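Input: a single structure, listed below in structure tokens.
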Amino acid sequence: MTRQDLLDMNLKRELDLQIAEALEKAGAIGAPALIKQSQKVKFGHYQANGVMAAAKKLGMNPRELAKKTLEELSLTQAKEIEIAGPGFINIHLSNDYVADRLSDLNQQASFVLPVSKANTIVIDYSAPNLAKEMHIGHLRSTTIGDAAARTLEYLGHTVIRANHVGDWGAQFGSLLAYLDQQEKSGEKTSTELKDLEIFYQKASELFKADEVFAAKARAYVVRLQSGDPRCLELWRIFITESVNHCQAVYDRLNITLTRDDIKAESAYNEDLPQVVEDLDKLGLLQLSDGAKCVFLDEFKGKNGKTLPAMIQKSDGGYPYMASDLAAIRFRVNQLKADQALYFVDARQKLHLSQVFAVAKVAKFLDESKSFRHLPFGVILKDDGKPFKTRDGAAVKLSDVIEEAITRAFDLVSEKNPELSEKDRIRVAEVIGVGAIKYAELSKNRSTDYIFDWDTMLSFEGNTAPYLQYAYTRIQSIFRRANISPLALEGEIILDHPIEMQLGVKLLQFEEAINAMIEDYQANILCNYLFELAGIFMSFYETCPILIAEEPTRSSRLLVAHITAGTLKKGLDLLGIETVEQM
RNA sequence: GCGCCCGUAGCUCAAUCGGAUAGAGCAUCGGCCUUCUAAGCCGAGGGUUACAGGUUCGAUUCCUGUCGGGCGUACCA
């Protein structure tokens with residue numbers, strides 16, 4: 001393998017290829033090397049776990065196969081390779097090799113190599129309901145989806161952000177019916193969102209409790225859908241007001257969504273009859289209690305009953321199944337999407353699997369497209385009970401942001417009073433917002449989580465401020481020494497065990513990004529950055545930089561510089577900013 | 001009823017799709033600021049991975065069952 005070949009891969013891939021080749025020469029045809037980063041220092045930097053399974057298949061002693069494999073292997077990267085336990089191959093990288101790779105990394109324009117073929121990827125995320133203010137529950141989809149968008153773009157894909165906001169349907173029927181009722185009783189109405197929020201709650205209660213009101217609300221949906229001018233006028237006022245509110249939240253949170261990314265549910269209204277007609281032409285529709293449904297065998301339960309996918313209601317209205325199908329067509333045909341990622345609440349799992357299944361049967365989607373639901377858990381209260389979004393107990397997102405920034409401001413004022421007020425305000429925004437987003441991103445996406453002010457707004461331990469702090473410490477070194485990182489010269493030397501550990505970790509950035517992208521688990525990238533920052537903190541304590549002799553001094557400055565760049569880029573992929581001082 | 005998800009330290013969470021002695025943070029306890037920012041570092045205690053079986057060299061991970069929790073289950077989205 002040439003040097004360039006190695007540079008085109010990350011450590012894991014290059015080891016994987018070489019060991020798989022050696023395994024093959026040793027007689028295990030087609031056996032995977034199963035390279036993993038070792039969990040413990042004594043097991044080396046990487047380990048190959050594939051020998052045991054391969055030996056089993058061949059009826060060989062695994063340690064014997066490991067030995068034969070090593071005889072076929074010459075790794076220039078390693079200073080030591082050993083066979084351990086039942087047949088693990090442990091690889092200890094050589095300090096010089098890691099130092100060389102690190103120098104190369106420092107010369108590169110990017111921390112990752114662009115993908116060989118760029119895909120067009122639609123990312124469906126955030127999607128708030130415009131009838132309400134954004135609440136804490138929107139944080140998940142919004143932050144995780146945004147991190148995915150940033151990361152895929154960084155890797156070279158074409159990303160299309162799709163904010164499928166809810167601006168249509170029965171909820172607006174309730175709202176309009178309530179408003180109308182109020183107007184008739186002579187109360188004056190307001191279109192401020194804060195008031196709309198209250199309207200919505202009241203309307204929602206009435207809808208559940210009062211059959212007459214519910215019927216009226218449904219009638220308003222029909223009026224709205226049929227283009228009644230008065231209804232449309234009221235509706236437009238709501239939407240404009242609500243979109244402004246959402247955009248303000250996005251801007252505050254450093255979310256890359258803009259108004260241009262909104263493709264609302266109502267935007268598909270005109271396509272809906274066509275969707276129904278096309279499904280009908282394919283003979284997929286059945287009339288069931290007056291509603292037009294698709295029945296697919298894969299949704300048949302043990303009781304033999306098949307779950308319907310309703311495309312058109314008995315009153316002629318369209319449920320969200322219809323607009324979701326229209327959205328798929330739009331994404332495939334107009335946007336030319338190769339993939340679509342839906343960052344949507346786990347409770348929508350059944351719904352989305354029906355949508356995808358119907359789309360496939362109807363050939364809206366073919367096998368070459370990958371449309372995936374990336375579900376996430378719901379928020380619970382500290383007693384483990386679910387946070388209901390319509391009982392008035394939802395925590396407003398804008399309140400959380402406000403609280404985080406206030407707390408961060410108090411803290412930065414206490415820790416670093418010599419900063420100007422202007423700087424402290426800026427720092428507080430970056431830290432406060434970073435803390436909130438990191439609290440979301442650092443948890444496993446798919447499980448439920450408990451909302452707790454103190455945990456979410458914590459600035460200690462495994463939090464964004466810890467990472468931001470590591471970054472400022474590095475910047476502070478360069479400031480103090482009055483050196484530009486670009487002016488750094490000399491070799492990288494990784495003599496100290498911590499320096500070596502840091503060096504290897506830095507080379508694994510791309511591996512962390514790839515692992516994250518596999519299943520869009522941002523917590524994998526968070527963990528990586530936290531470990532990187534942790535190793536850097538140890539390095540900072542044990543390896544003095546500015547008072548070190550040359551060439552150690554320059555080497556350590558270089559390592560610190562690469563660390564800063566990695567932290568900054570990693571946080572950037574998560575949508576979290578950095579500051580120079582804090 | 002049926003379907004899906006979950007159960008790991010006191011609390012909040014990890015564990016790189018089956019790997020080695022299950023790791024962090026918070027909280028608790030003990031050290032470290034006349035040296036580059038103490039939002040930090042070093043160390044200690046804390047576990048029958050809900051329970052019972054099974055599969056195999058190896059199980060938190062896969063299978064079966066039990067218990068416990070959550071969500072979904074056609075005219076809300």
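The model shown is predicted, which means the values in this text are computed figures rather than measured ones. Order of the sequence lines fixes the chain letters, A, B, ..., with proteins taken first and strands second; residue numbering starts at 1 for each chain. Only heavy atoms go into these numbers, but all of them, side chains included; no hydrogens, no water, no symmetry mates.
- Both A:Lys40 and A:Gln348 lie near RNA chain B, and the one whose nearest nucleotide falls closer to the 5' end is A:Lys40.
- With B:A74, B:C17, B:A39 as the choices, the nucleotide that has an atom nearest any side-chain atom of A:Pro308 turns out to be B:A74.
- Within the 4.5 Å cutoff, the side chain of A:Arg480 has no heavy atoms near those of the A:Ile477 side chain.
- Within 4.0 Å (heavy atoms only), A:Leu411 reaches at least one base atom of the nucleic acid.
- Base pairing annotation: B:U66 forms a Watson-Crick or G-U wobble pair with B:A50, both donor-acceptor distances under 3.5 Å.
- Distance from the side chain of A:Asn49 is smallest to B:G19 among B:G70, B:G19, B:A74.
- Closest to the A:Arg218 side chain, of the nucleotides B:G40, B:C76, B:C36, is B:C76.
- At a cut-off of 3.5 angstrom, the base of B:A77 holds at least one donor-acceptor pair with the side chain of A:Tyr320.
- Both thresholds, 5.5 Å between centres and 30° between ring planes, are not jointly met by A:Phe88 relative to the base of B:G19, so the two rings are not stacked.
- At the heavy-atom level, A:Met321 lies nowhere under 4.0 Å from the strands shown.
- Within 4.0 Å (heavy atoms only), A:Gln47 reaches at least one base atom of the nucleic acid.
- Of the candidates B:U37, B:C26, B:A20, the closest approach to any side-chain atom of A:Ala84 belongs to B:A20.
- As judged by a 4.0 angstrom heavy-atom cut-off over every strand, A:Ala291 is placed among the base-contacting residues.
- Scanning atom types as modelled, no donor and acceptor separated by under 3.5 angstrom connect the side chain of A:Gln468 and the base of B:A39.
- Base contact: A:Pro544 has a heavy atom under 4.0 Å from a base atom.
- Among the heavy atoms of the strands lying under 4.0 Å from A:Tyr466 are primed sugar atoms or P, OP1, OP2 only; no base atom is included.
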Is there a side chain to side chain contact (heavy atoms under 4.5 Å, CB included) between A:Trp235 and A:Leu175? Walk through the geometry before answering.
CA-CA 9 Å; A:Trp235 175 76; A:Leu175 211 43; over 6 Å; no
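- Within 4.0 Å (heavy atoms only), A:Ile431 reaches at least one base atom of the nucleic acid.
- Note on A:Arg347: every side-chain N or O is 4.0 Å or more away from OP1 and OP2 of B:A77.
- Heavy atoms of A:Phe530 sit under 4.0 angstrom from primed sugar atoms or phosphate atoms, though from no base atom.
- For B:C17, there is no paired nucleotide, since no Watson-Crick or G-U wobble pair has both relevant distances below 3.5 Å.
- In this structure, A:Ser538 reaches the sugar-phosphate backbone alone: every heavy-atom distance under 4.0 Å involves primed, P, OP1 or OP2 atoms, never a base.
- In this structure, A:Arg473 forms a cation-pi arrangement with A:Tyr540, its terminal cationic atom sitting closer than 6.0 Å to the ring centre and no more than 45° off the ring axis.
- With its glycosidic angle more than 90° from 0, B:C6 adopts the anti conformation.
- When heavy atoms are screened at a 4.0 angstrom cut-off, A:Lys42 is found touching base atoms of the nucleic acid.
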Salt bridge (Lys or Arg N to Asp or Glu O under 4.0 Å) between A:Glu577 and A:Arg426, worked out:
CA-CA 11 Å; A:Glu577 296 179 280; A:Arg426 170 71 188 143; 3.2 Å; yes
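- Looking at which nucleotide of RNA chain B each of A:Leu307 and A:Lys36 is closest to, the 5′-most match is held by A:Lys36.
- Residue contacts shown for A:Glu511 are absent, as no nucleic acid heavy atom lies under 4.0 Å away.
- Residue-level contact check: A:Leu350 touches the backbone only, with heavy atoms under 4.0 Å from sugar-phosphate atoms and none from bases.
- Base pairing of B:A59 is not made with any nucleotide, judged by Watson-Crick or G-U wobble geometry with both donor-acceptor distances under 3.5 Å.
- What separates CE of A:Met310 from P of B:C76 is a distance of 8 Å, to the nearest Å.
- For A:Glu541, whose side chain is taken as the heavy atoms from C-beta onward, the closest listed nucleotide among B:C41, B:A74, B:U35 is B:C41.
- Contacts of A:Met537 with the nucleic acid, taken as non-hydrogen atoms under 4.0 Å apart, involve only primed sugar atoms and P, OP1 or OP2.
- If you check every strand for non-hydrogen atoms under 4.0 Å, A:Leu546 touches a base.
- With hydrogens and angles left out, the side chain of A:Lys349 and the base of B:U73 share no donor-acceptor pair within 3.5 Å.
- One atom, CD of A:Glu440, and another, P of B:G25, lie 22 Å apart when rounded to the nearest Å.
- A cation-pi geometry, defined here as NZ or CZ lying under 6.0 Å from the six-membered ring centre and within 45° of its normal, holds between A:Lys263 and A:Tyr268.
- A:Glu440 and A:Arg140 are joined by a salt bridge, as a carboxylate oxygen and a charged side-chain nitrogen come within less than 4.0 angstrom of each other.
- Side-chain atoms of A:Asn90 and base atoms of B:A20 include a donor and an acceptor less than 3.5 Å apart.
- For B:U16, its base sits under 3.5 Å from the side chain of A:Gln39 at one donor and acceptor pair at least.
- The A:Thr447 side chain lies nearest to B:C6 when the options are B:U16, B:A38, B:C6.
- With 3.5 Å as the limit, one finds no donor-acceptor pair spanning the side chains of A:Gln468 and A:Tyr438.
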